[in-house]
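Read the structure below first, then the notes.
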Amino acid sequence: MKVLLVFPPITLKERYGREIEDVGGILPPLGLAYLAAVLEEHKCAVEILDAPALSLKVEQLPHEVSKRNPDLIGISAITPFFHRTLEAVEMIRNVCPDATTVLGGPHASLFPEQTLADNPSVDIVCVGEGEYTLLDLVQTIEGGGDLRQVKGIVFREKGQIVRNLPRKPIENLDDLPLPARHLLPMTLYKPLPNQYRRLPVVHLMASRGCPFGCTYCSNAVFGRSTRTRSPGNVVDEIKSVMRDFNGKEIQFWDDTFTLKRSWAMELCQLLMKENLGVLWTCETRVDRVDKEILELMARAGCWKIGYGVESGDQELLDLVKKGITLDQVRQAVKLTKNSGIEVGLSFMLALPGETPGKARQTIEFAKELDPDYAQFTITTPYPGTELYDQAKEYGTLIQDFSSYTIWNPVFVPRGYQDRDEVSEMQREAFKAFYYRPSYIIKRLLKIRSIGDLRRNIEGQRVTAKFTAAD
């Protein structure tokens, strides 16, 4: 059986809401690479078609799929790009009428029955983690078995929608093979300028799941049960990508890198012992760092940490169950700077209960903290989150999922007049933070190479896009 895994066509403008071509922002579909690796490990023929990286338009997809002539086609289904997924399925069905079409990912996992009921071109939906579900499905179809025995899928049988028993989360992540990056166009991936120092950058996940209860987060695929790969397994992958893809820098995509302090310490110590010379970045929470671990991370090659701060108003943080205090933010930023690690902070504008006055309080808090980078996204209540269920209590919410990119105002709290005011507040935030003379001077003083200069110029171009009027 020939399997083709597809990430649907999405432009950078659709992803970020602005034209930011030529400076980065194309990232690998690591989830598809994991699916492919498990299939390959079991001798299945599999390819990956990453349409955004290849700059494919949706009308070009049928030709690209048909020439590969797959028996089963798996397509990613993510909320803001779900309309593209459905477009792709319809077009693919026309050129590959006998192929089995399978959807997976957060949106499909949340609405499997509805997806099948509304879209006859979709045959099967995988719910949750897909690696062993897809393998089981492929082997069952190939062997002529009963689909009712495949845990973790919802499918159509004789006009009826059948939901099978769920599949348990993968307990030992070390059992998974390394992602099949050789099936991806690795030379085409490049983060935004403020997210790297050295190219090529390779993205890596060392854990799955998040135990925290922030109301705006969805756990549709990985759940709240946290599972972590062994430090040795992670270092083996780093060695592999340095050898096979000339990786110079690692970007960890874990929700909370230092969630398990002893694990993070062990990984850093192993990186130092192996003396790989690789740079890396990660994200974590302000209440999960201290002086000792930050200094160790710096010695192990970490050059930047991203923290989700969200707001400069404690009441708003409590309302979305962030579980941190403003003083914890101040302390973490101070300790991180003192360790020599750069700081990236993310803030969410238009949270429930926010007014323009409270938003400006957040902007002032960002300026007080003075991180190396600040990101101001717009609150997006995704389906499946507590915030989505509560949105109407705090304001108005549009149901056009194609706008749910975190860069478009889909939720308007009662403190704002309309969506335009939310967008204007985002532009104000970027201007107020990045156009300060003190910030510009600080960035100029950190330039040490032509590469640094180029990244700062590209970063300024990106900032200009986010401060320009629509």
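In this structure, R285 is positioned above the aromatic face of F212, its NZ or CZ under 6.0 Å from the six-membered ring centre and within 45° of the axis. In this structure, R198 is not positioned above the aromatic face of Y196 in the sense of NZ or CZ being under 6.0 Å from the six-membered ring centre and within 45° of the axis.
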Exercise. Please step through salt bridge (charged side-chain N to carboxylate O under 4.0 Å, His left out) for the pair E342 and R197, ending with a clear verdict.
Key: CA-CA 11 Å; E342 292 195 1; R197 276 188 177 175; 3.3 Å; yes

Self-check item: K273/N275 under side chain to side chain donor-acceptor pair (under 3.5 Å): CA gap, chis, key distance, verdict
Solution: CA-CA 5 Å; K273 179 182 178 181; N275 195 28; over 6 Å; no

Quiz item: Which is it for Y435 and T467 under the side chain to side chain donor-acceptor pair (under 3.5 Å) test, yes or no, and what are the steps along the way?
Solution: CA-CA 10 Å; Y435 291 165; T467 55; 3.1 Å; yes

Exercise. Would you please test K2 and E47 for salt bridge (charged side-chain N to carboxylate O under 4.0 Å, His left out) and show each step?
Key: CA-CA 8 Å; K2 295 168 62 177; E47 291 185 65; 5.8 Å; no

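When only modelled atom types and interatomic distance are considered, H83 and S402 share no side-chain donor-acceptor pair under 3.5 Å. A side-chain N or O of S207 and one of D254 form a donor-acceptor pair less than 3.5 Å apart. Side-chain N/O atoms of E249 and W303 include a donor and acceptor closer than 3.5 Å. There is no side-chain donor-acceptor pair under 3.5 Å between Y439 and D372.
Residues M348 and I378 form no side-chain contact, since every pair of their non-hydrogen atoms from C-beta on lies 4.5 Å or further apart. A 4.5 Å side-chain heavy-atom check between V329 and L369 finds at least one atom pair inside the cut-off. S311 is not listed as a side-chain neighbour of V320, based on a closest heavy-atom distance of 4.5 Å or more. Under the 4.5 Å side-chain criterion, counting only non-hydrogen atoms from C-beta, F245 is in contact with R181. Looking only at side-chain heavy atoms (C-beta outward), L173 and T228 stay at 4.5 Å or farther from each other.
Scanning both residues, I341 and C302, for their nearest heavy atoms gives CG1-O, 3.6 Å.
With respect to R243 and E237, no salt bridge is recorded, no charged nitrogen being found less than 4.0 Å from a carboxylate O.
Taking the ring centroids of F82 and F401, they lie at or beyond the 6.0 Å cut-off. Here the two rings, on W407 and F376, have centers that are 6.0 Å apart or farther. For Y216 and Y382, the gap between ring centers reaches or exceeds 6.0 Å.
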Please output the side-chain donor-acceptor pairs of residues 24-44 that fall under 3.5 Å, not counting sequence neighbours, one pair per line with the distance.
from, atom 1, to, atom 2, distance (Å)
E40, OE1, H182, NE2, 3.0
E40, OE2, H182, NE2, 3.2
H42, ND1, V38, O, 3.0

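Residues forming a side chain to side chain donor-acceptor pair (under 3.5 Å) with R261 (at least two apart in sequence, or on another chain): D290, E292.
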